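Worksheet: one structure, shown below.
Predicted model, so just to flag it, every value in this text is computed and none were measured.
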Amino acid sequence: MSNLYDQPTIQVSLTPYTLGSIQLGGASERSRFDKLVANIPLWNQIFVISCVIAVSLDPLFFYIPFINEDLKCLGMDKNLKVVALVLRSLLDITFIVHIICQIRQAFKTVNSKLQTTRNSGWESKAKAVARNLSWRSVVTDVLALLPIPQVLLVNVFFKMRGSGYLDNRKILSFLLLAQYLPRIYRIHLSSKKLTQTGLWAKGAFNFFLYILASHVLGAYWYFFSIQRETSCWHRACVKRSISCMDTFYCDDPPTTPRNTEFLKELCPINFPPNATPPFDFGMFLDSLQSGNTATLNFPLKFFYSFWWGLRNLSNFGTNLTTSTYVWENLFAILISIIGLLLFLYLIGNVQTFMQLATTKSEETRQKIIKKEQAIEAWMVKNDLPEDMKNEIKNNIRQQLEENIDAADLENLFSILPWNIRKSLKRFLCMSTLRKVPMLKGMDEKVLKMICDYLKPVMYPENSLVVRMGQPLDRMLFITEGSIWTYMPGGMPTNSVKTKGGFYGEELLKWASSSSPKLPISTQNVQCHTKVEGFVLMSKDLTSVVSKCQLWWNTNDSHQGQGQVQPATAAGGAENSTPRISTVRH
């Protein structure tokens with residue numbers, strides 16, 4: 001991973017016709033960046049995940065300060081500070097890499113556009129790069145990269161003193177809240193394509209937003225609770241007209257003895273139920289009384305604050321008891337608005353998802369019905385027996401439930417089990433095979449094997465099945481549609497062949513002979529309409545002949561038709577036996 005973060009070196013060629021030619025690093029660095037930029041979807045997913053983790057880890061900075069109630073001073077959890085700084089620095093690297101990748105992609109785009117322009121100078125190329133950059137994305141990344149929590153919470157917060165303490169604290173709180181806006185907006189920009197992956201991804205993203213909001217609000221509640229108590233300390237010092245702000249920090253040695261008695265008197269967090277406290281902590285009193293802000297146990301204060309955020313976000317902050325402090329009420333209003341917006345967003349998306357799911361389910365159901373009706377009409381048209389119909393329906397329904405695009409008339413035979421496919425081919429083609437003169441006297445076993453070797457085909461209207469003068473390597477059996485044959489002059493040579501017809505009987509003569517060459521088609525064969533049928537390829541026919549030598553007999557079917565010469569006397573009984581072809585490879 002460290003290779004991805006190496007700073008690129010920019011080389012500018014100063015030759016007259018290549019001014020402004022920009023390259024990033026050497027060959028290895030350039031190839032790494034090319035691969036990184038080329039795989040944009042993968043990098044977007046990685047970047048979105050890193051943004052999500054970064055936004056989730058930023059609230060850790062709010063848990064760094066804690067209050068020592070015994071000494072009435074503000075302390076720092078140094079272990080948590082180190083962890084938060086290291087994690088934030090590591091995740092900031094992804095923003096740096098993302099900015100570099102965007103600039104690199106802009107350079108690459110400009111170079112590809114201007115590579116044919118020899119007089120393009122550095123100024124024109126720089127303007128072109130600026131035009132190709134997504135400035136909204138770059139500015140968002142730069143703002144999200146600013147080390148606001150590192151500087152404000154780790155350094156500034158623990159050094160705030162003087163009369164302007166309260167005003168400075170308000171500015172600090174505003175900057176901490178504003179720093180979240182570019183990071184959350186960065187997630188919004190990068191997650192648009194990521195949430196288009198499906199309903200589960202969208203639902204998970206919405207749930208994450210709800211959990212993230214609870215986590216962030218709980219961390220702010222913890223941090224504002226500490227600020228509220230330190231504000232009380234400041235007011236108490238002003239009321240007593242003494243300078244005691246230097247004694248508020250546990251790690252700083254006090255210049256004067258630390259007096260905590262008047263702070264316990266003017267800023268009590270534990271008091272009788274019916275008593276009126278001198279300072280109203282409002283919605284932050286629970287955090288102070290529970291000891292949440294006084295512990296160094298991170299899991300304890302993290303989960304307590306997270307539960308507070310989740311609980312009040314779920315009920316839109318209706319159970320919050322606030323004081324009259326303006327900023328506290330604004331924080332309560334913000335909780336209510338965020339809770340309401342997330343609820344409406346979640347409900348709106350759930351409703352949209354349900355509508356999409358219902359629409360998709362109905363569309364799927366209608367597709368299944370249409371396909372089942374088309375297959376049912378095809379089975380009725382071909383007079384399939386009921387038992388075969390039921391077997392086909394059950395298999396088709398199962399295939400459609402698994403994949404809506406699995407079953408169609410075009411691929412019906414490919415999805416049926418082999419036993420049903422075998423029975424269906426024999427039912428559709430056996431009668432047609434018996435019409436072929438050379439197969440009329442053929443044994444039943446041979447016809448069944450021929451059926452098993454048949455392959456379903458479908459030809460569109462007006463398509464040319466066989467061209468005159470080309471080798472005839474198949475025999476066609478028509479189950480639907482019509483074809484017609486013609487000579488080059490265009491005059492039909494015979495009647496149109498329709499359902500139950502066939503073409504290519506010369507292939508049977510070739511298989512019964514010893515000729516190694518395929519017969520040549522003497523006609524053009526063209527589809528008059530859309531044609532469905534089966535073809536017997538020449539190589540499959542030779543396989544049938546080689547396996548059925550004992551039953552392959554084409555002479556019996558041609559006796560009396562003048563198609564086979566009678567055996568001569570010189571041939572005797574041996575020459576009267578059927579001629580068996582050998583397998584040709």
Side-chain angles (χ1 to χ4, degrees), residues 410 413 425 428-442 446-447 449-548 552-558 561-565 578-585:
E410 286 78 3
F413 279 86
K425 287 194 293 186
L428 293 174
C429 300
M430 188 63 75
S431 59
T432 304
L433 289 176
R434 296 188 184 279
K435 295 179 182 178
V436 180
M438 294 187 66
L439 298 179
K440 284 185 177 180
M442 193 65 68
V446 178
L447 297 180
M449 184 170 289
I450 291 176
C451 288
D452 297 341
Y453 274 98
L454 293 177
K455 294 180 176 62
V457 292
M458 187 173 293
Y459 296 104
E461 183 179 357
N462 296 326
S463 61
L464 198 63
V465 180
V466 180
R467 189 182 300 274
M468 179 180 174
Q470 291 185 349
L472 184 65
D473 64 343
R474 68 194 62 192
M475 187 174 182
L476 174 64
F477 301 93
I478 304 173
T479 59
E480 185 65 32
S482 60
I483 63 172
W484 59 291
T485 59
Y486 60 92
M487 299 295 287
M491 295 298 294
T493 58
N494 59 352
S495 59
V496 175
K497 297 181 181 296
T498 58
K499 179 178 180 180
F502 58 89
Y503 179 82
E505 189 179 5
E506 296 87 346
L507 205 62
L508 296 175
K509 299 178 183 178
W510 167 81
S512 301
S513 68
S514 58
S515 175
K517 295 183 179 181
L518 290 172
I520 302 299
S521 176
T522 58
Q523 297 172 324
N524 290 322
V525 181
Q526 187 174 1
C527 296
H528 185 61
T529 62
K530 179 182 177 181
V531 174
E532 300 175 13
F534 295 87
V535 293
L536 178 63
M537 305 303 295
S538 58
K539 61 179 181 178
D540 296 329
L541 182 57
T542 57
S543 298
V544 173
V545 173
S546 64
K547 293 178 181 179
C548 302
W552 183 260
N553 186 351
T554 58
N555 289 342
D556 293 345
S557 60
H558 289 73
Q561 299 181 26
Q563 298 183 14
V564 177
Q565 297 297 329
R579 299 178 63 185
I580 307 298
S581 66
T582 59
V583 180
R584 282 163 294 274
H585 299 283

Report task. Apply the test side-chain contact (heavy atoms from CB on, under 4.5 Å) to residues T498 and I478: give CA-CA distance (whole Å), side-chain angles for both, the deciding distance (0.1 Å), then the verdict. Result -> CA-CA 7 Å; T498 58; I478 304 173; 5.9 Å; no

Query raised in the report: Any donor and acceptor pair, going by atom type alone, linking the side chain of T485 with main-chain N or O of N524 inside 3.5 Å?
Result: no

Query raised in the report: Which atom pair, heavy atoms only, marks the closest approach of L433 to C451?
Result: CD1-SG, 3.4 Å

Query raised in the report: With a 4.5 Å limit on heavy-atom distance, are the side chains of T522 and M468 in contact?
Result: no

Query raised in the report: What are the two closest non-hydrogen atoms of V545 and A511, and how far apart are they?
Result: CG2-CB, 4.1 Å

Query raised in the report: Could you give the distance from SG (C429) to CZ (F534), rounded to the nearest 0.5 Å?
Result: 4.5 Å

Query raised in the report: For the side chain of Q526 and the backbone of S463, is there at least one donor-acceptor N/O pair under 3.5 Å apart?
Result: no

Query raised in the report: Any side-chain donor-acceptor pair under 3.5 Å between Y453 and K547?
Result: yes

Requested in this report: Check whether any side-chain heavy atom of L541 sits under 4.5 Å from a side-chain heavy atom of L507, and report yes or no.
Outcome: yes

Query - Point-to-point distance, once rounded to the nearest 0.5 Å, from CD of E505 to NZ of K435 - result: 13.5 Å

Query raised in the report: Which value, rounded to the nearest 0.5 Å, describes the distance between R434 atom CZ and M442 atom CE?
Result: 11.5 Å

Query raised in the report: Would you say K425's side chain and L454's backbone share a donor-acceptor pair under 3.5 angstrom?
Result: yes

Query raised in the report: Are Q523 and Y486 side-chain neighbours, meaning at least one heavy-atom pair lies under 4.5 Å?
Result: no

**Report entry** Option from V465, L472, V535 for which side chain to side chain contact (heavy atoms under 4.5 Å, CB included) with Y503 holds
**Finding:** L472

Query raised in the report: Is the backbone N or O of S538 less than 3.5 Å from a side-chain atom of D473, with the two atoms forming a donor-acceptor pair by type?
Result: no

Requested in this report: Step by step, work out the side-chain contact (heavy atoms from CB on, under 4.5 Å) result for V531 and M458.
Outcome: CA-CA 6 Å; V531 174; M458 187 173 293; over 6 Å; no

Query raised in the report: Considering only heavy atoms from C-beta outward, does the side chain of V525 approach that of K497 to under 4.5 Å?
Result: no

Query raised in the report: Between M475 and L508, is any pair of side-chain heavy atoms under 4.5 Å apart?
Result: yes

Report task. List the steps, then state whether side-chain contact (heavy atoms from CB on, under 4.5 Å) holds for M430 with L447. Result -> CA-CA 7 Å; M430 188 63 75; L447 297 180; 3.7 Å; yes

Query raised in the report: Looking at CG of L536 and OG of S543, how far apart are the two atoms once the value is rounded to the nearest 0.5 Å?
Result: 9.5 Å

Report task. Give a yes or no answer on whether the side chain of S521 reaches the backbone of P471 with a donor-acceptor pair at less than 3.5 Å. Result -> no

Query raised in the report: About how many Å separate NZ of K539 and CG of L518, when rounded to the nearest 0.5 Å?
Result: 12.5 Å

Requested in this report: For the residue pair N462 and C527, establish whether any side-chain heavy-atom pair is separated by less than 4.5 Å.
Outcome: no

Report task. Decide yes or no for T542 and W510: does some side-chain heavy atom of the first lie under 4.5 Å from some side-chain heavy atom of the second? Result -> yes

Report task. Take V457 and L476, measure what side-chain contact (heavy atoms from CB on, under 4.5 Å) needs, and give me the verdict at the end. Result -> CA-CA 9 Å; V457 292; L476 174 64; 4.2 Å; yes

Query - K509 and P519, any side-chain heavy atoms less than 4.5 Å apart - result: no

